[in-house]
Amino acid sequence: MQLRFSPKVTIIGLLLIVGMLRMSYWQWQRHQWKVNLIQDLRSHLELPIGDLRELAQSPHADWSKEIFRRVQVS
């Protein structure tokens with residue numbers, strides 16, 4: 001069996017290697033983002049139950065930090 005060098009196969013192989021490495025890095029970033037999201041959600045669920053009226057009337061309420069916060073509605 002004789003091995004032959006083929007520039008076309010080599011370039012395609014290198015492009016596939018680079019693509020796979022990039023996709024694995026992307027998956028790792030998604031995993032880290034999801035772990036951080038789950039930690040944020042758990043910390044929001046551990047907060048004491050708040051009153052919706054107080055949160056709505058607060059002039060300094062940052063609604064992006066109140067996502068998935070438990071509130072009491074009556």
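The figures here come from the full heavy-atom set of this structure, side chains too, leaving out hydrogens, waters and symmetry mates. Note that the coordinates shown come from a computational prediction; the quantities given were computed from them, not determined experimentally.
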Do L14 and V18 have side chains that get closer than 4.5 Å, going by heavy atoms?
-> no
Spacing of L21 atom CG and L16 atom CG [to the nearest 0.5 Å] | 11.0 Å
Measure the NE2-CD distance between H31 and Q29 for me, rounded to the nearest 0.5 Å.
-> 12.5 Å
Which pair of non-hydrogen atoms, one from V73 and one from L52, has the smallest distance, and what is that distance?
-> CG2-CD2, 3.9 Å
Flag if over 12 foreign heavy atoms under 6.0 Å of CZ, R53 = no
Can you measure from CG (L41) to CG (L37) and round to the nearest 0.5 angstrom?
-> 4.5 Å
Judged by atom type as modelled, is there a donor-acceptor pair below 3.5 Å linking the side chain of R22 to the main-chain atoms of I17?
-> no
Of all heavy-atom pairs between L47 and R69, which one has the smallest distance, and what is that distance?
-> CD1-CD, 3.6 Å
How close do F68 and L45 get, heavy atom to heavy atom, and via which atoms?
-> O-CD2, 3.6 Å
